[in-house]
Amino acid sequence: MRHFAVVGSGPAGFYTAEALEKAYGDGARIDILDRYPVPYGLIRFGVAPDHQSLKAVSKRYDKVAESAGVDFIGNVAVGRDVSVAELLDLYDAVILAVGAPHDRKLGIPGEDLPGVVGSAEFVGWYNGHPDFADLDPPLNGSHAAVVGNGNVALDCARILSKTRAEFEGSDIVGHALDALDHSAIRTVTLLGRRGPHQIAMTPKELGELGHLEAAVPVIETVDFPPVEADEPLEPGLRKSVSLLRGFADLDADKDKRIVFDFFAKPVAIEGDGKVERIIVERTVLDEKGGARGTGETYTVPASLIITAIGYSTAPIADVPFEGGKFVNNGGRIGDRLFAVGWARRGPTGTIGTNRPDGYEVADQVVAGIPAGSSGDRSGAAGLKALLQGRGVMPTDYDDWRKIEETETGRARPGSPREKFVRVEHWLQTLGR
Ligand code: NAP
């Protein structure tokens with residue numbers, strides 16, 4: 001029997017487990033570890049609560065977790081409860097699928113003022129991530145700014161702009177729904193350091209902004225190149241740019257505005273004890289398509305600033321780390337140690353991108369440890385003994401089912417679940 005540990009139960013972890021299970025059949029046991037008693041990682045804590053169809057991919061992951069060779073071992077933090085070196089003693093291979101949960105920093109003065117939050121924090125807050133349940137973002141001013149022109153920036157702007165009724169059917173956590181319902185924010189400025197042709201927003205997500213009940217997206221047509229210049233763009237981007245152009249024709253008579261401010265590079269954040277404004281430098285595109293400052297600056301008022309400029313992986317002791325992810329060669333970090341998903345390639349791509357990624361890394365595992373070969377490592381049995389000695393109580397998929405049932409049972413009418421937002425509440429559900 002071979003034993004594999006996949007660390008992280010988000011999309012990358014589940015697709016890798018699925019691939020390993022297919023490759024080794026009943027010749028291997030695959031344990032998916034997570035630091036929380038609940039699975040799904042990015043699907044639960046990252047994907048927007050009003051995008052339930054995307055979250056439904058978890059049903060596929062349930063099938064993986066229920067297959068004979070796969071187990072979920074929750075409530076175990078690698079690096080805290082058990083080291084990577086210990087896992088390598090217990091398992092034939094260890095695959096780190098820990099995602100990229102940390103916000104990249106802007107690196108400008110004033111970034112640490114109260115009221116400046118990273119998108120991981122803000123998204124975690126409305127998605128019930130225990131680390132951010134107490135974030136309490138300031139929603140009492142009339143202006144917010146979101147830095148970045150990717151899909152996460154869009155998620156943040158949309159969540160800030162929706163009415164309570166528009167969250168029906170979502171699983172946004174109650175504390176965030178109530179706070180947003182009382183929000184005074186009327187203008188959300190989306191700051192892009194480059195132009196409309198350089199956005200990283202996809203058409204479906206962008207299109208949603210045009211159909212909001214109380215908010216309207218606003219663009220300045222002068223920011224756009226002539227329409228013929230859209231022709232050579234790849235189809236997805238061309239569609240996004242065309243949607244953006246269409247925002248100029250929308251009825252602007254709504255309570256809230258989402259203002260696209262292009263060629264706007266943040267240079268400083270200011271305020272008296274808390275954020276009040278962001279100073280922005282006008283840019284032009286340089287010859288390589290990058291943002292070059294023109295020296296002209298202006299002020300955007302904001303009592304909440306969300307930076308949505310990408311994520312980095314959390315380092316783990318003794319695992320080589322550089323540029324926000326683990327140092328790896330096609331997924332291989334070192335002898336029997338691998339990285340997959342965002343921990344391998346950085347925070348890019350859709351949920352589905354992690355499937356080929358997971359299968360590719362599984363192929364690498366198989367190349368070093370052929371299917372059908374035998375080993376003598378102890379896997380889960382050894383891990384559980386070690387954890388018991390440390391007073392760590394792991395959870396399994398049946399435990400998750402109990403938590404899920406309780407969360408479903410306490411849902412608002414029309415909502416799929418009301419998540420618990422604290423580790424101790426999950427554990428209390430299990431009678432611990
Ligand atoms: P992203 O797509 O990489 O976008 C990051 C944005 O931040 C870019 O516009 C980038 O501009 C900007 N940026 C980076 N550094 C900056 C700086 N110092 N100052 C100002 N702007 C800066 O990242 P993301 O939005 O976090 O998304 C991560 C991944 O998740 C993406 O692959 C995304 O598509 C995916 N995602 C998908 C969905 C969905 O499908 N519904 C939802 C959310 C996220 P430059 O281009 O100029 O660098």
Side-chain angles (χ1 to χ4, degrees), residues 10-12 41-57 99-111 116-124 126-127 145-159 170 189-209 236-237 239-241 244 260-269 278-286 288-293 300 305-313 323-325 341-354 357:
L42 180 91
I43 303 299
R44 179 174 170 110
F45 296 122
V47 171
D50 54 345
H51 284 170
Q52 286 298 314
S53 57
L54 284 179
K55 286 190 189 262
V57 73
H102 289 182
D103 286 299
R104 279 191 194 139
K105 299 295 266 181
L106 273 171
I108 61 173
E111 192 169 6
V116 183
V117 302
S119 55
E121 299 173 290
F122 185 67
V123 171
Y126 63 65
N127 261 332
V146 180
V147 182
N149 266 183
N151 280 329
V152 172
L154 274 184
D155 280 348
C156 294
R158 186 181 72 255
I159 296 290
S170 80
T189 304
L190 273 167
L191 295 167
R193 64 178 168 182
R194 299 189 290 158
H197 275 193
Q198 287 75 37
I199 56 169
M201 299 162 169
T202 45
K204 186 178 161 290
E205 286 64 30
L206 197 52
E208 283 176 77
L209 290 198
L237 180 57
K239 184 143 192 231
S240 290
V241 174
L244 271 177
F260 284 81
D261 193 352
F262 291 110
F263 302 108
K265 183 176 86 165
V267 289
I269 293 171
I278 181 163
I279 313 301
V280 172
E281 182 179 14
R282 191 53 81 209
T283 65
V284 289
L285 291 179
D286 63 22
K288 288 186 180 150
R292 187 200 303 135
V300 175
I305 295 176
I306 301 169
T307 59
I309 59 167
Y311 300 121
S312 62
T313 293
K325 57 187 191 319
W342 283 6
R344 167 194 175 183
R345 61 175 204 278
T348 57
T350 62
I351 295 162
T353 313
N354 293 295
D357 195 325

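We count ligands from 1, going down the list as the structure has it; atoms in each ligand are counted the same way. Throughout, residue positions are numbered sequentially from 1 according to the sequence presented.
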Write 'none' if nothing qualifies; otherwise put on separate lines each N/O atom of ligand 1 with a protein N/O atom under 3.5 Å away and their distance to 0.1 Å.
from, atom 1, to, atom 2, distance (Å)
ligand 1, 9 (O), Asn149, N, 2.9
ligand 1, 15 (N), Arg193, NH2, 3.3
ligand 1, 25 (O), Asn151, N, 3.4
ligand 1, 25 (O), Val152, N, 3.1
ligand 1, 32 (O), Gly349, N, 2.8
ligand 1, 32 (O), Gly349, O, 3.1
ligand 1, 34 (O), Asn151, ND2, 3.1
ligand 1, 41 (N), Glu205, OE2, 2.9
ligand 1, 46 (O), Arg194, NH2, 2.8
ligand 1, 47 (O), Arg193, NE, 2.9
ligand 1, 47 (O), Arg194, NE, 2.8
ligand 1, 48 (O), Arg193, NH2, 2.7

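- Taking the side chain to side chain contact (heavy atoms under 4.5 Å, CB included) definition, one finds that Ala153 meets it with Val146, Leu190, Ala308, sequence neighbours left out.
- Residues Asn354 and Arg345 bring a donor and an acceptor atom of their side chains to less than 3.5 Å of each other.
- Between Val116 and Leu106, every side-chain heavy-atom pair lies at or beyond the 4.5 Å cut-off.
- Sorted by first then second residue, the side chain to side chain donor-acceptor pair (under 3.5 Å) pairs that include residues 190-200, not counting sequence neighbours, are His197-Asp230.
- Side chain of Thr313 to backbone of Gly99: a donor-acceptor contact under 3.5 angstrom is found.
- Lys55 pairs by the side chain to side chain contact (heavy atoms under 4.5 Å, CB included) definition with Ile43, Val47, Gln52, Asn127, Asp171, Lys419, not counting sequence neighbours.
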